[in-house]
Participant: 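Structure provided below as structure tokens; questions to follow.
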Amino acid sequence: MDIDTAADATTNGASHFTLDADTFRKIHPAEYNRRFISQGVRADGRPLQRFRKANVNVGSITTANGSSMVRLGNTTVICGIKAEVTEPTPEAPRAGFLVPNLDLPALCSPQFRPGPPGELAQTISEYINQICTSTNLLNLDDLCIASGQAVWVLHADILCLNYEGNALDAALAALIAALWNVRLPKSTYDELEGTVRAAATNTIPLVLNRLPLAATFGVFDAQHLIADPTDQEEPLLSSQLAIVVDQEDNLCGILKEGSAMDRERMVECIGLARNRAQALRRLIDEALAKADAS
Amino acid sequence: MADRKRVVGPEKSVLPLVESGPQQPFNPDRRKDGRSGDRIRPLFLKTGIIKQADGSAYIETGRLKVACGVYGPRQSARNKLPTQGTLNCDFKFSAFSSAKRRAYAKDNHERECSLIVYQALAPAVRLDLIPKSTVDVYIQILESDGNAACLAAAITCAAMALADAGIEMTDAVAASSAGYIGGNVVLDPDGDEETLQNGSLMVSYMPSLNEVTHMMQIGEVTTNLTVKGMEACVDACSQIRTVMQQALAASLADGNS
Amino acid sequence: MSPTAMQDDDHPQLVLPGDRILYDPSSQKIKIGPGLQQEDTLLIGTKLGVLHKAAGNRWWIDSNQRRYIPATNENILGIVTHRISEGYRVDIGAAQPATLDQFAFEGATKRNKPNLEVGTLVYAKVTVANKDMEPEIECLNQSTKKADGYGEIKGGHLFRVSLAMARSLLDPSSPLLKLLSQSFPFEIAVGMNGRIWINAAQTIQVITAANILQKADGKPVDKVEKLIRAELKQMKERMDVT
Amino acid sequence: MVRETEPIANNERAFVKNVILEGLRVDNRSAHDVRTVKINFGSQWGHSEVQLGKTRVAATVSCEMVRPSPAQPTEGIIQFSTEFSPMASPSIESGRLSEEEVLISRLLEKALKRSRAIDTEGLCIVAGEKVWAVRVDIRVLDHNGNVLDCACIAAVAALQHFRRPDVTVVGEEVTIHSLDERSPIPLSIFHIPICVTFAFFSNGERQVVDPSLLEEQIQEGDMTFVINIHRELCTLSKAGGIPIEGSQILHCANIAAIKAAEITELIKAANMESQTRKEKKKESKRE
Amino acid sequence: MRPDKRNTNDIRVTHTALGQLHRADGSGRYQFGDSSVLCGIYGPAAIGLRDEKLDRAVIEVSFSAAHGKSTTRERLHERLLRSTFETAILSALHPRTGIRITCQTLCDDGAVLATSINATMLALMDAGIPLRSVITAVSCMVDKEGEVFLDPTALELKEAQSTHTFAFDNVSGGVVSCESTGVFTEEEYESCYDICKQGSDAIERFLRHALQKKLEKQSGLDFGKS
Amino acid sequence: MASLIVTPGERIAHAADYEASSGTYERDEYVYASVVGEKRELPPPAGGMRPLIQVHRKKETSAIPEIHSIVTGKVVRVKPREATVSILVVGNVPVRESFQGIIRLQDVRATERDKVQMYKSFRPGDIVRLASFAEMEIEGTWG
């Protein structure tokens, strides 16, 4: 590394400079990671194509109709779903609404500033929304209370508590787990008052048509494929690829960005994504089972 | 405008009317969770839950769940005081944290809470030691159960997070709340109890310096009762302080291992 | 796949970004200009345009770029936007404003230096052009230490054309300028940054000249000749009226 | 965020002023020439793209079925939204409203909405239940002066070109017919308001119509007439600038009326032309 | 047989135009049938100190739909456009500057993302922004029967089980950007990949031809056969 | 060990017996802890009477550049009269979030200051080491 001589004069012979690992990582992040990855491991010790340990639990937020907390390594998101009553549109008098939104608040990482959602949060929210609608995740007509009068709107708010990369995988998993955990009160529409009355205890679960889950990959230096990139790795990637798979191994979405990738590599990733999605699905199953038991 | 930055749903939606079962009468000595009037809910505290932050803490008491992250000292914008650091507190309810869904935009209540947290903490934080820099305190309410209790928990949580961040403080501020229900002082009331109270009190306190940094009482209450309330809250703060100390010590312990 | 073509001299060649161009590496050292990059025995196009090869094995691509990228020793027309301690900030149509040092004028001294107000038009030469630095310009010819035409330009009219157009007008054998000068005398200053200044005896002449040059922009000369004659004719008529 | 402003040299300012004083204009127009107007229609209904010299504006008309406002249960809704695309000029920031943007969209709203140019009752489907909401999106693509007049032409052209799908109502049930199913229905337009803008120079003694960007940047003041072929003045706006004598305003009004008539004809012609093209296309499809 | 008499692997009639905007440093228009997008470029231009990157030009994209308020859908389009052209633009040649790309949908009849990518490619070439390669994009859809249709119209998309947009780079031949939504099998995806690859190659040839015509007209030169 | 762990506000000694050092503060004849950490006693400083008492932070906190500290950073912008540096490391400790600093022409070299040319000394992307000066402090910049 070049220490500028002209500048060095200003330190007028002050304590000499030692380049330890942390300093090196801070000054030359790309080079730092390159040295690991070229050895077939990552800065956090993972093999290139190993996903981080995931952890799911559901139902901890009692003010929400359904909730979940998902951890991918240290990336932590909470999803809370609140069901409220609203008017349907004239075009679709029986259809309810599912409104997923990811929030990456300033709380969860120094790279985010306070204020309205930035590009990353907006685009992930939008992509998750597209997955929900284009795969018809749930029949919106199931959310009908009284045709043309009242339907449920499910506000699914996904909040990131600690951001260490790969928000999409975590957010989608959290959404699916939370939706699965949702209980809607049995409700009746009162013609005269135009109000909806909900039962206090008698609740029904949602029917999910499929369980799409995402697996994100990155390519480092246009050659090394790594799975589940961290926030340290994300800015250094030459390209990114997210693959969404459901329980029957159907593909439910692919989002590829960055420098060119050939067909073989994409196919390779689809295989890896299937295994990841399966593993996540198992974790969600267990979490739901645990919740029902208690 | 903010809507353009989110996936938009229907413009307005309401909660359904829920037929609730019969309310059992309130008993100050045996509350519905079995507490007596002078007891706070059991308290769970943990630091370092937000790895990205310089300091962080999580607090859970009853249904109440609060997370707080501290960033800083950061370089301030040029225009700030040169001799003193800046403390910036931001208090936000998660959309799903309350019975009625919360809006994304900060409402006045949240603004007020942000200010109160600042007022409660600022006296303890040694801003004179960090000139030209800012400490950002972000508080996220995950689940709320009782307004005063929620605010008190937020302050305690923020104090923990500041300590975890290694920001120098003259004392670790603890906060507690009480409600006045039919001539009784009821510590740490939850949401249901708040509906019964005719007044409430929230106290932020520096236990070892024995100084109150912030106090807010609402409602029509006799002076004697207020004094009783004060004493109860101050005691509660001291109890909370011991839990804080344990949690902070614990954070160092597993820091070693 | 982007085509790889041997460049043949009789046909001008269209180049798209990424196109590979073979050349004879055995021949003398190659000099590459705008729109080209070198990769061992290959030239790679980076811009859309026409491939040119000139004496001294100089290769470049003529694109119809409109944004000016400063290059040293190019003459440009700039507009003073700020007065700063060391001189002036000058807009030259590039990404960054240029600095014009207060002493970079003929015979400028601490006591006697020009006093330009904001909005002044200057004809200057680029002295520092580097992607890592803000450009710097001068209003004197370093070799002669004389103004040699550089400096403040008063009166007349300023207008903008494409960079290619500006370049073509700098060619002394420019047919466009010939055509114009046949019908009336005029002064012209051409900036490589696509800015042209013109002055003539009568306003209508300036207007006509400016409009002709702007209309001719991006068209082959033989195609615009009719247009030009029409414009000039119209001008004559209107001059007779007044 | 890319944001630049091209400065104007003092030479330019001086020149423009002299030129106009001499009764000429920098772009070789005479004082009361409007720049060439080019009107193009998209292949879909209600898409127009208009050039006024080098200024370019696109307008798109769309509609959807909505609940009417309780105040006017039998009236459809018309919305105008004007946006300067960041491509229109280097000084525009995306997502942020410039003052000019606000002024222009307000004036267009006045010109087209307040003057009740479009019949809103005609947009009612089921009284109090369902009406058409027509939305006009106006996007400024290339800002070379007098955006307002250009935007106005684009908007009215698109509105004339627009067709909404036909509907059949049986009680509460409404069925919307696709465009191939049943031939769609044009909006009923009462009259066509046209904007004509003047810029004032040399202490307001000289005025030019349809100012170019350079003229706008140097003008002492401006005034916009919104007027239709029946010589009905819908809106007159003189936002600040140099004071003008009443007589001069009348003089301008007369010029405006003539210009408005000319422009209206252009729009009509363009519309005709595109209809016939559409017909031809239909036939070719049938074969 | 498709409503407009095309074969499943035909793209619609395409139109291109360059340099129609006078203020912008470069502009391009691209049309797939009735879908039409106009793109304008400014730069390399001055940029706010906060945004500048010391080693490269910052690329800003703003995309706007044919009608309606801007939503998160446009943001996702912007992100994809930006990442697509961040790989194509040699941004290291213009550090601490900004390149602003603005796409305006003029008419939406499906495949708007692909149309925008092609329009942007044209605009960047018109602006003389230095580029690594030519990137061309095209969309396709798979219907309920699993049949693949190249470059679908809005009408056809109503029947789509899944839709895919691919952008390929003509130097490496690989896929730069891909957005797939809906439910589809791996086999379907691979056939989409292949049909779109062919489509985008065809578009690249078409662009080359169109640009040659334009430059010949402009310069009065004759390039012979390309 | 745990007994030695103290938290902010804890009274750790009499001011009469100890001199308050880092991580502590003195307040009416007592010394209190102002951070979480381990209580430590140190021998009196040269010329000092009382031994020092400090609270040693165990958790690594993000470094802050102070006057006279040696910092390492990346040059982000070079102007004729100054260069802007983004400070990444203070001493040998990386900062969590970088701080902006300014090198002014006259501070580049100790000698022949008038001969210095900014462009010749710095290029964007250079890694430089600097000592932060008081006068820069006044400029309201770090590093």
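Numbers restart at 1 for each chain; the letters A, B, ... are given by sequence-line order, proteins then strands. As the structure is a prediction and not an experimental result, all values here were calculated from the model.
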Participant: What are the two closest heavy atoms between R139(D) and A65(E), and how far apart are they?
Facilitator: NH1-O, 2.8 Å

Participant: Against chain D, label I101(E) side chain, backbone, both or neither, depending on which of its atoms sit under 4.5 Å from a heavy atom there.
Facilitator: neither

Participant: Are R182(D) and D166(D) ion-paired here, with the side-chain N under 4.0 Å from a carboxylate O?
Facilitator: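 Yes, R182(D) and D166(D) are salt-bridged.
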
Participant: Once you measure the plane-to-plane angle for H161(D) and W45(D), does it fall in the parallel (<30°), tilted (30-60°) or perpendicular (>60°) bin?
Facilitator: tilted

Participant: With a 4.5 Å cut-off on heavy-atom pairs, point out which of R50(E), Q31(E), Q20(E), E52(E) contacts chain D the most.
Facilitator: Q20(E)

Participant: Verify whether one side chain among S35(E) and T115(E) offers a donor that lies under 3.5 Å from an acceptor in the other.
Facilitator: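 Checked: S35(E)/T115(E) side chains show no N/O donor-acceptor pair below 3.5 Å.
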
Participant: State whether R29(D) and D210(D) are salt-bridged, where the test is any N-O pair (Lys NZ or Arg NE/NH1/NH2 against Asp/Glu carboxylate O) under 4.0 Å.
Facilitator: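 Result for this pair is yes, salt bridge flagged.
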
Participant: What option among A123(E), S62(E), G68(E), G98(E) has the most heavy-atom pairs under 4.5 Å with chain D?
Facilitator: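 Maximum pair count with chain D is reached by G68(E).
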
Participant: Tell me which of these, V58(E), L38(E), T97(E), has more heavy-atom pairs under 4.5 Å with chain D than the rest.
Facilitator: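 Option with the greatest count: L38(E).
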
Participant: Would you say the ring centers of F41(D) and H47(D) fall short of 6.0 Å from each other?
Facilitator: no

Participant: Among the options I41(E), L21(E), L155(E), pick out the one with the most heavy-atom pairs lying under 4.5 Å from chain D.
Facilitator: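 The candidate making the most pairs under 4.5 Å is L21(E).
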
Participant: Counting only heavy atoms closer than 4.5 Å, note whether D108(E) contacts chain D via side chain, backbone, both or neither.
Facilitator: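 Contact with chain D: backbone only.
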
Participant: Chain E: which of S89(D), S85(D), S81(D), A59(D) shares the most heavy-atom pairs with it under 4.5 Å?
Facilitator: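 Max contact count across the listed options: S89(D).
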
Participant: Non-hydrogen atoms of chain E under 4.5 Å away: do they reach the side chain of Q51(D), the backbone, both or neither?
Facilitator: neither

Participant: Which residue out of G42(D), A88(D), S178(D) racks up the most heavy-atom pairs below 4.5 Å with chain E?
Facilitator: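 Ranked by heavy-atom pairs under 4.5 Å with chain E, first place is A88(D).
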
Participant: Testing the 3.5 Å rule here: is there a donor-acceptor pair between the side chains of T55(D) and N144(D)?
Facilitator: no

